[in-house]
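Take a look at the structure below.
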Amino acid sequence: MTVFEYIQQAILREIDKPSFNGSFPPLSDGSWMRILGPSSQVAAENDRLEYLGDALMYATLGIQVYKQLPDGGPGLYTVRTLFTCLQSP
């Protein structure tokens, strides 16, 4: 077992314990304002998160289309995904 696998298994064992608490610490209103307040860093981060969100959405759509049409070719998946995206509100 590699060091990476050992650490990964140790983390998974801890997460599986009933006593595991994966919640984030509470943030004050002031902390939220510093995180979300207008700045060039916030704008860049929002753009990055939007890109990641879009990528996850397209990946999810791709998986669903593939499950529904497992025998299609790449062209079908591309056209079908585009059509699905254009049809959604």
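Residues: numbered from 1 along the sequence shown.
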Answer yes or no: is there a donor N or O on one side and an acceptor on the other, between the side chain of T60 and the main chain of L56, under 3.5 Å?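 Confirmed, T60 side chain pairs with L56 backbone.
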Spatial distance of atom CG (L52) from atom CG (D47) [nearest 0.5 Å]: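 Here the interatomic distance stands at 11.0 Å.
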Quick one: side chains of residues 4-17, donor-acceptor pairs under 3.5 Å with protein atoms, not counting sequence neighbours, listed by atom name and distance.
from	atom 1	to	atom 2	distance (Å)
E5	OE1	T2	N	3.0
E5	OE1	T2	OG1	3.4
E14	OE2	K17	NZ	3.0

Is the number of heavy atoms from other residues, nucleotides or ligands under 6.0 Å of D29 CG greater than 12?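 Result for CG/D29: open.
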